[in-house]
Asks: 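I am attaching a structure below and will ask some questions about it afterwards.
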Protein chains: 2
Amino acid sequence: MKVIILGGDGFCGWPTSLHLSAAGHEILIIDNLSRRNIDNELEASSLTPIRPMGERIETWHKLTGRELRFLNIDVSRHYHRLLTAIIQYKPDAVIHFAEQRAAPYSMKSSWHKRYTISNNINATHNLLAAIVEANLDIHVVHLGTMGVYGYGTVGMKIPEGYLNVKLEAENGNLYEQEILYPANPGSVYHLTKTQDQLIFGYYNKNDQIRITDLHQGIVWGTQTEETRIHESLINRFDYDGDYGTVLNRFLMQAAIGYPLTIHGTGGQTRAFINIQDTVRCIKIALENPPMLGERVKIYNQMTETHRIRDLANVVASLSNAKIQYIPNPRNEDDENNLYVKNDQFLSHGLKPVTLADGLLEEIVDIAKRYSSRCNIDKIPCVSYWNKECQKNSKLQN
Amino acid sequence: MKVIILGGDGFCGWPTSLHLSAAGHEILIIDNLSRRNIDNELEASSLTPIRPMGERIETWHKLTGRELRFLNIDVSRHYHRLLTAIIQYKPDAVIHFAEQRAAPYSMKSSWHKRYTISNNINATHNLLAAIVEANLDIHVVHLGTMGVYGYGTVGMKIPEGYLNVKLEAENGNLYEQEILYPANPGSVYHLTKTQDQLIFGYYNKNDQIRITDLHQGIVWGTQTEETRIHESLINRFDYDGDYGTVLNRFLMQAAIGYPLTIHGTGGQTRAFINIQDTVRCIKIALENPPMLGERVKIYNQMTETHRIRDLANVVASLSNAKIQYIPNPRNEDDENNLYVKNDQFLSHGLKPVTLADGLLEEIVDIAKRYSSRCNIDKIPCVSYWNKECQKNSKLQN
């Protein structure tokens, strides 16, 4: 298939580009290098030494004979360059990662909130408007988030996107209806993904665009089969307070002999998936598109759930690290349960990489190996969700 | 109260500004005059001769001694001018009309879709971000639309924003939950209002912003008690295919002796409200804000529902006009029922102006009186919702 990958330079986009290229798909990467530019802004960088796009593409070509094409386009702002690329390339599918993807970054200031809203909503909408204007039948695969659901409802597993509810009619009869799972975003970043869902629903209904939306959990792990081939192909490992996920920050702290810092009680339960499974899931979604006229297809792209303090205990036991509890910069419940359905990917044959199997490798091969590149000042999260959270953090410090 | 009115030069914003000023509130209008600029783009204009903002304000001051302040700011693009205005003026409330509000305009082309998304979402989000940054307790009153609901569910009245549903737990028990009514927008314009709802929900939850969202029906009528005082204060009357509502187009056609053009079967049922009731409802909402910590307050701001072909028959009987059926440029159901709850405004004492009482005045005092200013070429709607609608229209013509 001919595939355009928007955001193909990022943490999920790059290994996806390689995985699909290795599988024989023709790949055009479109990216404005915003993730590298945000590194400059934050004075932080990937622990792993990621290489410029030109070197990445050249290395891949030398080692595999396969070609990756690349265009530097800001999808949220340069509509006509995107439209032209779509008309000229005529892709079978577009995989859309071109969004600001860190919740703490989205909450740093008014500017960051506004950037995240404008960048993400315009990127998604520009893509859909361009597909309609190009008048081509293109399957859109979008990286969404489990965060659109909030933290579930009492007594039931979170379904894959759609929820059956019963409504009471005026005459007292109950009747069933299927609805999009009610949105409950936890940050401005998550808010944009709930707004994306409405864009997808509308363009699917009005213009019969075929769309798959992947509600992904927190991704852990760094390397995939393809990024491991050569160090010039290595993937990002973010450990800073904005872009580093909770697990990466624990791994980094463990590797350099610092206590693992838990926000709040650590009773938050989250869904996880390994980066190797992410790229496999995207390949499955790409190769199993919805039919023309079918509603938006939604998968829960996660493989296990864990409480944050349990994760900390596992990392501590593998590394002899200590644990420290600090005030939570986020406005969220201290404790929550999370039960999630993920039957669709399992039925397509996905065999998940588990945290139990992969964590030690992350500590040894990534966090410890590159620990001399770590700037420990960058690990704490200093984005506060609201003025209360900021006050609580200051009181304790 | 000190009130900022975003979009205070528009069809609903201008009479609201006068109504609240007459009631003794201190008013600052913020508007970028986009509605007048779109008149230039569409080569169409209000049937009624609307006057420049400077003349409107001067006339109001001369006749009533009351002052209206005005700033020309694009709320969607000039965040820091908006923030500065909020910090300096310290309003008790901001009424937010600053969105592109015509469904057909939002569907004219990719550019118009993209403008509507970017303008409306950024305007709403900039306002919320600015209120958080200013750290002031400001009540936001927003003009939403009945269109967020789609056309209702079988066998029940559309509630005011929130819906009680029953969910089946894993153990088979049913339990109740209240959710935001599932969004089902009918155009890109309506889509933006469903996205606004998510912004409101998030900022209300995370930052305790007090918000009232008014889900308004189709507004008919031109004048209010205040705009009638002097011709320099007259309100807009739009009859063109993009901004003219169905009723205004019928009135215009009747006034100039043309057949009333019905899109499709005319079996679409819609909710209506008179402009005089709109300004009354906004005053009620303004003066009855939600408590701090209360969820977003949602009112259905409409007073009656009618099928389009029934409306056409009423206008025809008042004017001896003929009726002509033409292909529907919109992608929507031919026939729908619509039952809506509006108990909250009625319980605040609203006594609706009915179509039966007010229609003749609209024909005589507005459509006929200013009919020499009408450009009949502008009446047809030539915005097609998708390629199918466009094809159907061409086949018949």
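Labels below follow one simple rule: chain letters A, B, ... track the order of the sequence lines, proteins then strands, and each chain is numbered from 1. For clarity, every value in this text was computed on a predicted model and none was experimentally measured.
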Asks: Quick one: CG on Asp242(A) to OG on Ser383(A), what's the gap to the nearest 0.5 Å?
Replies: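 So the CG of Asp242(A) and the OG of Ser383(A) are separated by 4.0 Å.
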
Asks: Please round to the nearest 0.5 Å and tell me the distance separating atom CD1 of Ile158(A) and atom OH of Tyr181(A).
Replies: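 It is 5.0 Å, given to the nearest 0.5 Å.
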
Asks: One thing to verify: whether Glu160(A) and Lys341(A) come together as a salt bridge, which I'm taking to mean a side-chain N less than 4.0 angstrom from a carboxylate O.
Replies: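 Glu160(A) and Lys341(A): not salt-bridged.
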
Asks: Could you check if a side-chain atom of Lys157(B) sits within less than 4.5 angstrom of a side-chain atom of Glu170(A), using non-hydrogen atoms only?
Replies: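 Yes; the side chains approach each other to less than 4.5 Å.
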
Asks: For the residue pair Thr145(B) and Tyr189(B), establish whether any side-chain heavy-atom pair is separated by less than 4.5 Å.
Replies: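 Heavy-atom side-chain distance check passes, below 4.5 Å.
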
Asks: Select all residues of residues 73-83 of chain A having any heavy atom within less than 4.5 Å of some heavy atom of chain B, and report them by number, or 'none'.
Replies: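 Within residues 73-83 of chain A, near chain B: Tyr79(A).
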
Asks: Applying a criterion of heavy atom separation less than 4.5 Å, what residues of residues 99-111 of chain B form contacts with chain A?
Replies: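 Expected list: Met107(B), Ser110(B).
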
Asks: Counting only heavy atoms closer than 4.5 Å, note whether Tyr339(A) contacts chain B via side chain, backbone, both or neither.
Replies: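 No part of it gets close to chain B.
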
Asks: Taking Lys297(B) first and then Asp213(B), would you say they form a salt bridge - that is, a charged N and a carboxylate O separated by under 4.0 Å?
Replies: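 Salt bridge: no.
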
Asks: If the threshold is 4.0 Å, N to carboxylate O, is there a salt bridge linking Glu332(A) and Arg270(A)?
Replies: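 Yes.
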
Asks: Specify which of Glu168(A), Lys205(A), His190(A) makes the most heavy-atom pairs with chain B at under 4.5 Å.
Replies: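 The option with the most such pairs is Lys205(A).
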
Asks: Counting heavy-atom pairs closer than 4.5 Å to chain B, which one of Asn135(A), Asn171(A), Asn206(A) comes out on top?
Replies: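 Most heavy-atom pairs within the cutoff with chain B belong to Asn206(A).
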
Asks: Would you call Asn328(B) and Cys389(B) a side-chain contact if the rule is heavy atoms closer than 4.5 Å?
Replies: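 Result no, sub-4.5 Å side-chain heavy-atom pair not found.
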
Asks: Using the six-membered ring wherever Trp is involved, compare the ring planes of His96(B) and His142(B) and label them parallel, tilted or perpendicular (cut-offs 30° and 60°).
Replies: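 If you compare the ring of His96(B) with that of His142(B), the planes turn out tilted.
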
Asks: Nearest heavy-atom pair of Tyr202(B) and Ser187(A): which atoms, and what distance?
Replies: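 Smallest heavy-atom distance, with atoms named: OH-CA, 3.2 Å.
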
Asks: Kindly compute the distance separating CG (Leu136(A)) from OH (Tyr89(A)), expressed to the nearest 0.5 Å.
Replies: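 Reported to 0.5 Å precision, the distance equals 13.5 Å.
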
Asks: Which of the residues Leu180(B), Asn164(B), Val188(B) is involved in the greatest number of heavy-atom pairs with chain A at under 4.5 angstrom?
Replies: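 Most heavy-atom pairs under 4.5 Å with chain A: Val188(B).
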
Asks: At a 4.5 Å cut-off on heavy atoms, which part of Ile179(A) comes close to chain B: side chain, backbone, both, or neither?
Replies: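 Side chain only.
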
Asks: Need one label for Asn173(A): side chain, backbone, both or neither, based on atoms under 4.5 Å from any heavy atom in chain B.
Replies: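 When you check distances to chain B, no heavy atom of Asn173(A) falls under 4.5 Å.
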
Asks: Would you check if there is a donor-acceptor pair between the side chains of Gln268(A) and Glu335(A) at a distance under 3.5 Å?
Replies: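 Their side chains do not contain a donor-acceptor pair, so the 3.5 Å distance test is not met.
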
Asks: Excluding sequence neighbours, so at least two apart, what forms salt bridge (charged side-chain N to carboxylate O under 4.0 Å, His left out) with Lys90(B)?
Replies: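 For Lys90(B) there are no salt bridge (charged side-chain N to carboxylate O under 4.0 Å, His left out) partners, ignoring immediate neighbours.
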
Asks: Salt-bridged, Glu133(B) to Arg114(A), with N to O below 4.0 Å?
Replies: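 No, this pair does not count.
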
Asks: Taking only heavy atoms into account, what residues of residues 120-132 of chain B are found under 4.5 Å from chain A?
Replies: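 From residues 120-132 of chain B, the residues near chain A are Ile121(B), Asn122(B), His125(B), Asn126(B), Ala129(B), Val132(B).
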
Asks: Side chains of Asn300(B) and Tyr149(B) only: does a donor on one sit below 3.5 Å from an acceptor on the other?
Replies: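 Asn300(B) vs Tyr149(B): donor-acceptor pair found between side chains.
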
Asks: Under a 4.5 Å heavy-atom cutoff, which of Asp207(A), Ile199(A), Leu174(A), Val165(A) has the most pairs with chain B?
Replies: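 Result: the option with the highest number of such pairs is Val165(A).
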
Asks: Check this for me: does any side-chain nitrogen of one of Arg295(A) and Glu178(A) sit under 4.0 Å from a carboxylate oxygen of the other?
Replies: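 Between Glu178(A) and Arg295(A) there is a salt bridge, with a charged N closer than 4.0 Å to a carboxylate O.
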
